[in-house]
Amino acid sequence: MSEIPLDRYSQPSDDFPFTLNGSTVVDTPVEPLATGLAINITPSSEFATLTIEETVQKLRTDIKVGINNMEEVQRRREIHGSNEVISEDDEDGDSGAWGLLKKFLSNFIEDRLILLLIGSAVVSAILNNIGDAISITAAIVIVVLVGFIQEYKSEKSIEALNKLVPAMCHLIRFGRQSHVLASTLVPGDIIVFRVGDRIPADIRIIESVDLSLDESSLTGEPDPVHKYVDPVDMNPNGVIPISERHCIAFMGTLVKEGHGKGIVVATGKETAFGSIFQMMSTVDKPKTPLQLAMDQLGKQLSLFSFVVIGIICLIGIWQGRSWLDMFQISVSLAVAAIPEGLPIIVTVTLALGVLRMAKRKAIVRRLPSVETLGSVNVICTDKTGTLTANHMTVAKMWCLSSMANKENILNIASVTDLRNYLTTDVRKTLEIGSICNNATFSVDHSKFLGNPTDIAILEELDRFDMVDQRPKFDKLKEIPFSSKRKFMAVKVIEKDTKDSLVCVKGAFEVIVNHSLNYITDAGKIEILSDKDRGTIIECANHLASDGLRVLALATKALANGDNESSLETSDITDLTFAGLVGMRDPPRPTVKPAIEQLLQGGVHIIMITGDSPNTAISIANQIGIPVVDNETSVMTGDKLKAMTSDELSHVINHVNIFARATPEDKLNIVEALKKRGDVVAMTGDGVNDAPALKLADIGISMGIIGTDVAKEASDMILTDDDFSTILTAVEEGKGIFNNIQNFLTFQLSTSIAALSMIALATALNLPNPLNAMQILWINILMDGPPAQSLGVEPVDHEVMRKPPRSRSEAILTKAVLGRILGTAICIILGTVLICVKEMSDDGEPSTRDTTMTFTCFVIFDMFNALACRHATKSIFEIGLFSNTMFNLSVGLSLIAQLCVIYVPVLQHVFKTENLSAFDLVLLTCLGSTVFIMDEIRKFIVNQYLTNFVEQENRYATTV
Ligand SMILES: Nc1ncnc2c1ncn2[C@@H]1O[C@H](COP(=O)(O)OP(=O)(O)OP(=O)(O)O)[C@@H](O)[C@H]1O
Ligand SMILES: [Ca+2]
């Protein structure tokens with residue numbers, strides 16, 4: 001049974017057609033939909049009208065503790081099934097051996113060519129040509145079997161793709177909260193959710209704080225919907241439409257704002273999403289551009305082959321050959337020449353590539369993205385957590401009064417006893433840092449959990465012999481940190497003294513602008529002069545140029561006893577400045593080499609960060625992002641906002657850093673780049689990043705710190721949040737494309753050679769060099785395992801030295817076509833040579849003659865496959881044994897070929913006879929010419945390329 005997690009790559013949330021025929025789906029049973037299917041009433045329509053108490057009672061659960069009995073959980077799972085949406089397609093497709101057999105048999109009927117072959121077997125039988133009839137039947141079964149196995153494999157690998165991103169949720173059960181797989185939920189479970197989460201089941205909301213959900217995946221309505229806990233009035237006319245169930249959070253929708261809590265009322269198929277999905281499963285999965293191109297190529301080739309075969313057939317009959325013979329040859333030729341396996345091999349190659357990428361920490365959510373990856377020429381990346389480790393430590397501190405200027409910055413890392421430096425302003429700075437803080441110590445993990453910036457401050461307290469100040473205070477209100485505001489503030493009241501104050505920490509520009517006073521080393525409060533402001537900014541910039549993230553800390557005393565829980569952004573004025581802290585977040589060690597390779601491959605890299613320009617430049621220098629000139633290469637968010645999209649696209653070519661940028665700026669950046677025709681990859685993790693991730697050609701989200709919203713909007717997820725994984729993915733993307741080109745070369749050259757040879761023989765009125773069975777055999781080699789194994793050729797790391805492929809570039813480039821024709825000509829000449837030599841003795845095609853010709857062709861083709869493993873590199877460079885699948889399938893094909901020649905039963909079927917060892921050696925020598933020829937071509941190409949690169953380098957050094 002194949003589960004379809006909501007993340008199913010083939011079902012992007014934005015274009016998954018929940019709106020059928022323009023009308024929004026509403027789950028009333030009365031209205032059958034255009035597809036002829038009515039949607040069932042789902043439990044949420046009833047629960048929407050119940051109060052919280054009624055819901056709790058009905059589902060026998062507890063708001064605080066959740067379900068408190070494992071047996072009960074199991075019982076409910078047995079009744080309702082696991083919380084997964086399963087498509088009906090897969091359900092009956094998997095109903096055991098019978099389902100498989102049915103599928104297998106349907107292959108005989110669906111393929112018209114196979115039907116024709118069956119027809120010809122029947123005709124042979126009627127004409128008493130039993131031998132022929134049996135052989136053809138055997139051949140048909142083999143052909144269909146090979147195709148069937150491949151198709152099965154392709155389906156299996158696509159199913160595996162669907163399971164790559166399991167949905168998770170925060171569950172309360174047995175009185176504890178835990179992070180679990182969404183598939184484990186049962187009705188009655190209590191769930192908490194917050195901004196960025198995806199709703200894991202249909203949930204009756206019992207707590208809602210500023211809660212609004214994006215239900216577009218369900219209703220097609222783009223605006224977020226507010227949700228609250230009050231029940232909906234009963235609807236006398238029947239069922240309440242989905243859009244009016246404002247106390248229900250539906251499975252698959254996304255939390256856009258706020259947070260909440262709720263009781264699971266329906267899971268899996270019983271959810272609104274599930275009931276709609278069941279209908280949708282009949283809708284065709286979208287194909288990737290490459291698959292479409294392959295389909296088209298297949299159609300063109302079919303048409304071409306049909307015309308050629310038609311002509312061959314007519315000429316043959318006109319020449320007076322047996323029409324049954326001609327019919328059989330033509331149909332076999334059609335089976336062989338038409339690369340019907342092509343689309344499947346492409347799909348399998350893409351799917352296997354995606355699985356390989358997943359092992360290397362990049363999960364591609366949509367198949368077409370694999371192709372786009374190879375064309376990416378601009379990567380926009382976040383700094384914190386992607387380029388850097390996201391592990392912050394306080395490296396330096398500075399206070400105005402006790403340290404005066406940038407010469408006296410306190411270097412925390414190099415001081416052994418920090419207690420000696422604990423002046424009042426330093427103490428205040430740290431106190432504010434611990435009060436304005438959301439990190440918590442987890443005894444379970446024996447470390448701090450929360451925002452790395454917050455953690456860094458708490459971790460430093462010990463060395464100053466200080467303790468967390470939060471237990472002394474009651475928190476009244478918080479303005480949470482946001483990348484847009486760039487500060488965080490809390491209003492607290494001291495428990496003992498009832499002193500009320502505001503503590504703020506954030507980007508130094510913001511804090512300094514809102515500061516009126518500063519605190520001295522003796523604890524007095526003095527007016528902050530403009531000169532002082534200048535000094536602070538100078539020191540902050542000095543810290544930043546060292547690659548540190550700089551935060552300023554400030555406070556503001558309120559009236560004693562002020563316990564009103566209100567705090568607005570406008571209250572953050574007239575602050576008292578305390579000090580600066582500089583935090584180090586070291587670059588990930590893997591990033592520098594990755595950037596070097598990407599730059600070599602002509603990829604433009606842009607860092608987008610909320611940190612200050614100096615911090616960004618310093619980090620860029622450390623990891624090798626070129627900053628040619630601090631004026632043109634670095635742009636701040638303010639400057640960016642003042643520009644139009646057109647203006648931006650004119651200058652963006654030179655920009656490598658956007659500093660003090662907000663997630664909203666990312667959208668403008670992507671737009672400007674796309675305007676230039678760039679193929680853009682953009683990283684992101686927050687809810688605000690989603691629009692930019694969607695707009696980018698490849699939206700990349702972070703597996704660890706990313707929100708569900710960002711993941712949903714993205715095309716690819718980095719499970720380790722590491723920038724260098726993007727390189728891996730781009731590399732794989734390019735590699736997969738090359739592999740596809742390579743097996744295309746192999747298939748098409750074989751196909752053209754076979755077709756031309758028969759056409760030639762017919763046109764020249766010579767006997768047919770290959771009989772129907774032999775042609776079908778060649779078809780199996782060509783469409784089957786050897787071709788498939790070319791698709792899993794390991795990636796050659798040198799692909800990164802070539803520039804990104806243009807998106808409009810055809811798969812069959814001139815170079816590829818040249819290779820195909822060259823190879824085909826070589827095979828034809830060689831095989832015709834053998835054929836003519838063998839037939840020259842008596843002019844009649846004996847069994848030996850066709851055996852020789854047939855074996856010659858097969859050996860040629862295996863050498864051809866070997867040559868096709870790489871477009872430009874010698875086989876000895878890539879290693880004869882680097883593709884085990886290939887060696888295995890070619891080895892087995894050759895053994896099978898020997899069986900066909902030497903095993904008596906098969907001799908009968910294929911009309912072959914024993915060949916001498918000398919014959920085999922001769923054929924091998926001849927067959928290897930196609931390989932040798934290609935090696936020579938590669939040598940010449942490489943020679944030319946090296947010269948070219950040398951010239952380029954020489955040019956680069958002279959400039
Ligand atoms: N938890 C926090 N509390 C207060 N201020 C913070 C906090 N985190 C960051 N800042 C301040 O806001 C600035 C911008 O941080 P922000 O988190 O927006 O950067 P970012 O966009 O995450 O960085 P990047 O794009 O490199 O990942 C920082 O330079 C810092 O001064
Ligand atoms: Ca074929």
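Lys486 contributes a side-chain N or O that, together with a main-chain N or O of Ser483, makes up a donor-acceptor pair within less than 3.5 Å. Without hydrogens or angle criteria, Ser701 side chain to Gly706 main chain gives no donor-acceptor distance under 3.5 Å. Of the possible polar contacts, none joining the Ser369 side chain to the Thr372 backbone as a donor-acceptor pair under 3.5 Å is found. Put simply, the side chain of Ser633 never gets that close to the backbone of Asn656: no donor and acceptor are under 3.5 Å apart. Looking at Asn437, its side chain does come within 3.5 Å of a backbone N or O of Ala439 through a donor-acceptor pair. The main-chain N or O of Val655 is found under 3.5 Å from a side-chain atom of His604 such that the two form a donor-acceptor pair. With hydrogens and angles ignored, the 3.5 Å screen pairs no side-chain donor or acceptor of Asp689 with any backbone N or O of Gly684. Checking side-chain atoms of Lys406 against main-chain N and O of Thr535 turns up no donor-acceptor pair under 3.5 Å.
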Verify side chain to side chain contact (heavy atoms under 4.5 Å, CB included) between Ile479 and Lys491, making sure each step is shown before the conclusion. CA-CA 9 Å; Ile479 300 177; Lys491 177 175 174 181; over 6 Å; no
Can you list the steps and then say if Val376 with Val680 is a side chain to side chain contact (heavy atoms under 4.5 Å, CB included)? CA-CA 6 Å; Val376 165; Val680 188; over 6 Å; no
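A salt bridge does not link Lys674 with Glu671: every distance from a Lys NZ or Arg NE/NH1/NH2 to an Asp or Glu carboxylate oxygen is 4.0 Å or more. Here Asp585 does not pair with Arg549 in a salt bridge; the nearest charged N to carboxylate O distance is not below 4.0 Å. Ion pair Asp197/Lys256 not flagged as a salt bridge, since none of the NZ, NE, NH1 or NH2 atoms sits closer than 4.0 Å to an Asp/Glu carboxylate oxygen. Ion pairing between a basic and an acidic side chain is recognised when a charged N comes within 4.0 Å of a carboxylate O; Glu731 and Lys734 show no such pairing. Salt bridge Arg660/Asp638: absent, no basic N to carboxylate O contact under 4.0 Å. Salt-bridge formation is detected for the pair Lys505/Asp454: a Lys NZ or Arg NE/NH1/NH2 atom is positioned less than 4.0 Å from an Asp or Glu carboxylate oxygen. Between Asp546 and Lys396, at least one side-chain N (NZ, or NE/NH1/NH2) sits under 4.0 Å from a carboxylate O, which counts as a salt bridge.
Ser402 and Asp425 are linked by a side-chain donor-acceptor pair at a separation below 3.5 angstrom, with hydrogens and angles left out of the test. For the residue pair Asp629 and Thr632, a side-chain donor N or O sits within less than 3.5 Å of a side-chain acceptor on the partner. Between the side chains of Glu478 and Asn438, at least one donor-acceptor pair of N or O atoms lies under 3.5 Å. Side-chain N/O atoms of Lys383 and Asn390 include no donor and acceptor closer than 3.5 Å. Side chains of Thr590 and Asp722: a donor on one and an acceptor on the other come within 3.5 Å. When only modelled atom types and interatomic distance are considered, Asn541 and Ser612 share no side-chain donor-acceptor pair under 3.5 Å.
Counting non-hydrogen atoms of neighbouring residues, nucleotides and ligands closer than 6.0 angstrom, the NZ atom of Lys428 reaches no more than 12 such neighbours. Within a 6.0 Å radius of CD in Gln600, more than 12 heavy atoms belonging to other residues, nucleotides or ligands are found. Within 6.0 Å of the CZ atom in Arg194, the count of heavy atoms belonging to other residues, nucleotides or ligands does not exceed 12. Atom CZ of Phe464 is surrounded by more than 12 heavy atoms from other residues, nucleotides or ligands within 6.0 Å. Crowding of Lys447 atom NZ: a count of heavy atoms from other residues, nucleotides or ligands under 6.0 Å not exceeding 12. Counting non-hydrogen atoms of neighbouring residues, nucleotides and ligands closer than 6.0 angstrom, the CG atom of Asp210 reaches no more than 12 such neighbours. Annotation: Lys484, atom NZ; neighbour count of heavy atoms from other residues, nucleotides and ligands within 6.0 Å does not exceed 12. At most 12 non-hydrogen atoms from other residues, nucleotides or ligands lie less than 6.0 angstrom from CG of Asp462.
Contact detail for Ile572 and Ala489: the closest heavy-atom pair is CD1-CB, 3.7 Å. A pairwise comparison of heavy atoms in Gly579 and Cys399 identifies CA-SG, 4.0 Å as the closest pair. Considering every non-hydrogen atom in both Gly637 and Asp665, the closest pair reads CA-OD2, 3.8 Å. Of all the heavy atoms in Gly703 and Asp721, the pair that sits closest is N-OD1, 3.0 Å. Scanning all heavy atoms of the two residues, the minimum distance from Pro480 to Arg485 falls at O-NH2, 2.9 Å. Residues Cys169 and Ile191 share a closest heavy-atom pair of SG-CD1, 4.1 Å.
Contact check for Leu501 versus Lys556: no side-chain heavy atoms found under the 4.5 Å cut-off.
When each of Ile536, Ile537, Leu551 is tested with Phe508 by the rule side-chain contact (heavy atoms from CB on, under 4.5 Å), just one qualifies, namely Ile537.
Relative ring orientation between His170 and His179 is described as tilted, the plane-to-plane angle lying within the 30° to 60° band.
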